[in-house]
Amino acid sequence: MAIRTKDLSKIGYTDNVARSKAVNIISKHCKHDSKETVLALLSDLLEDPGKYKDNDVWKQLAEHFAPTIEEKQFTTYLLADEPKGYKTYGGKFIDTLAKQQMELAMRLPVALAGALMPDAHAGYGLPIGGVLAVDNAVIPYAVGVDIGCRMSMTVFDAKAESLKRYAHQIKEALKDYTHFGMEGGLPFAQEHEVLDREEFRSTPLLRMFHGKALRQLGTSGGGNHFVEFGELELAAGNVLNLPEGNYMALLSHSGSRGLGAAIARQYSDIAREVCKLPREAQHFAWLDLHTEAGQEYWMSMNLAGDYARACHEQIHHNLSKALGLKPLANVNNHHNFAWQEEITPGRHAIVHRKGATPAGKGQPGLIPGSMATPGYLVCGRGTEESLCSASHGAGRAMSRQKAKEQFTQSAMKKFLSQAGVTLIGGNVEEMPLAYKDIEKVMPAQESLVDIHGRFIPRIVRMNKE
DNA sequence: ATGTAC
């Protein structure tokens with residue numbers, strides 16, 4: 001008897017809290033019942049929850065739909081009249097809305113410090129490219145919907161020029177060993193120790209999404225996510241400790257797929273219930289880290305981060321093996337995440353980076369451009385005013401909608417062929433000209449990171465449409 | 001970003 005989220009949605013269980021409570025009860029008490037019996041009961045319960053209030057097995061779910069015992073506890077907060085100061089890098093590249101969102105963030109009563117990166121643009125709550133340090137709380141929408149969205153680069157024991165010789169094999173391997181889009185998955189079983197983590201048994205939501213995590217392991221999703229091979233030029237004395245020169249390298253960008261999205265949604269829903277803010281700031285609702293929900297989110301967020309890392313590891317492992325390439329080094333970093341950090345001597349805080357690269361002193365990181373412009377291997381300078389952060393890319397110069405209106409498929413094809421880039425899948429929303437010029441964005445953050453390598457994409461796979 | 005959408 002396997003009931004999936006989909007089955008529950010169909011019978012009207014549309015919120016994740018109800019769905020996870022249902023799955024929790026089913027897994028404990030309905031092992032021997034048929035799917036039909038259980039679904040019929042769940043439908044009846046939804047229609048008349050009062051009937052199940054005294055039922056030992058189902059009362060928890062009935063209470064969810066018809067709470068009687070006590071009203072939900074919440075606290076109302078006001079914003080400060082004036083925002084706390086924060087530093088902006090590359091301000092001339094940043095739109096007004098993103099700046100306004102950051103000002104709002106700096107008026108939150110829990111806000112301690114913040115910074116805006118040169119690729120910033122408006123987002124849901126905190127802008128993409130926003131860094132926010134708060135006191136003993138975590139803001140799900142300041143981490144982002146794609147928890148643990150990250151970069152990973154593997155440098156191979158092969159010269160950049162051998163890309164030409166490998167081109168056909170690489171294209172075939174990308175088609176066979178990566179998966180994009182929301183439906184389906186890889187055609188062969190994936191295994192990774194992250195799936196054995198006990199956290200997957202510790203909350204109803206994580207129990208519910210373990211199956212999906214298994215099916216989606218090693219896949220890349222959609223939007224701006226990619227897997228690409230290209231030419232890496234490493235500088236002398238680079239953070240990877242590899243000799244100066246050129247290398248063939250693999251770069252990937254993706255996150256925690258359905259698992260992270262479900263965690264983000266569930267806990268931002270809870271945050272908005274317990275933390276009431278003025279309407280314009282409600283997406284900044286936070287969870288106190290001393291509460292059970294706060295602890296659950298923190299644990300789940302960390303699991304989603306490790307899952308996203310595991311997805312990249314699978315991609316790199318599968319492709320290296322298929323192509324018979326020997327990895328020399330790997331560098332990887334989250335850019336949608338929260339960490340506990342010491343922001344000034346003796347002052348610990350929760351630092352959210354939503355589309356921002358950690359850039360502590362000596363810390364390696366990856367800042368991609370677009371599918372046909374350079375990406376950079378960087379080394380953090382530990383600049384306190386940026387909360388030890390840098391941009392996570394060039395940033396969009398125009399919206400997806402505008403890019404669709406502006407560019408045709410044939411124009412993009414021509415652009416890519418002139419740039420010497422082969423694209424598998426992809427769409428005009430990701431047209432390089434829809435992005436800011438990475439060569440202008442990098443100088444705006446030279447006080448934040450040193451450049452140790454320059455990567456030029458050559459064979460790129462992205463989601464189609 | 002995501003099998004979305006109070």
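Residue numbering restarts at 1 for every chain, and letters A, B, ... go by the order of the sequence lines.
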For this session: Decide if the gap between the ring center of A/Phe65 and the ring center of A/Tyr13 is smaller than 6.0 angstrom.
Result: yes
Exercise. Roughly, in whole Å, what's the span from NZ in A/Lys10 to P in B/dA5?
Worked result: 18 Å
Seminar exercise, completed: Taken to the nearest whole Å, CZ/A/Phe209 to C1'/B/dA1 is 14 Å
For this session: Whole angstrom is fine here: how far is it from CZ in A/Arg400 over to C1' in B/dT2?
Result: 13 Å
For this session: Between A/Arg265 and A/Arg257, name the one whose nearest nucleotide on DNA chain B is closer to the 5' end.
Result: A/Arg257
Exercise. Nearest of B/dT2, B/dA1, B/dG3 to any side-chain atom of A/Val145?
Worked result: B/dA1
Exercise. Whole Å only: how far is the CG atom of A/Leu259 from the C1' atom of B/dT4?
Worked result: 17 Å
Problem set entry | A/Leu8 CG - B/dG3 P separation (whole Å) | 17 Å
Problem set entry | Within residues 221-229 of chain A: residues closer than 4.0 Å to DNA chain B (heavy atoms) | A/Gly221, A/Gly222, A/Gly223, A/Asn224, A/His225
Exercise. Is it the case that more than 12 heavy atoms not belonging to A/Glu280 sit under 6.0 Å from its CD atom?
Worked result: yes
Problem set entry | Between B/dT4 (P) and A/Asp269 (CG): distance, integer Å | 13 Å
Seminar exercise, completed: Which of A/Glu228, A/Arg150, A/His392, A/His335 passes side-chain hydrogen bond (donor to acceptor under 3.5 Å, both in side chains) with A/His253? Answer is A/His335
For this session: Would you kindly say whether A/Ser220 and A/His179 are connected by a side-chain donor-acceptor distance under 3.5 Å?
Result: no
Exercise. If you measure only the distance, is there a donor-acceptor pair under 3.5 Å linking the side chains of A/Arg257 and A/Thr219?
Worked result: yes
For this session: Describe, in one word, how the ring planes of A/Tyr141 and A/Tyr124 are oriented to each other, choosing from parallel (under 30°), tilted (30 to 60°) and perpendicular (over 60°).
Result: perpendicular
Problem set entry | Length of the CD-C1' vector between A/Gln266 and B/dT4, whole Å | 16 Å
Exercise. Counting only side-chain N and O atoms of A/Gln216, is one of them less than 4.0 Å from OP1 or OP2 of B/dG3?
Worked result: yes
Seminar exercise, completed: side-chain hydrogen bond (donor to acceptor under 3.5 Å, both in side chains) test vs A/His192 passes for just one of A/Gln314, A/His317, A/Glu313, namely A/Glu313
For this session: Take the protein atom CD of A/Glu465 and the nucleotide atom C1' of B/dT4, then report the distance between them rounded to whole Å.
Result: 15 Å
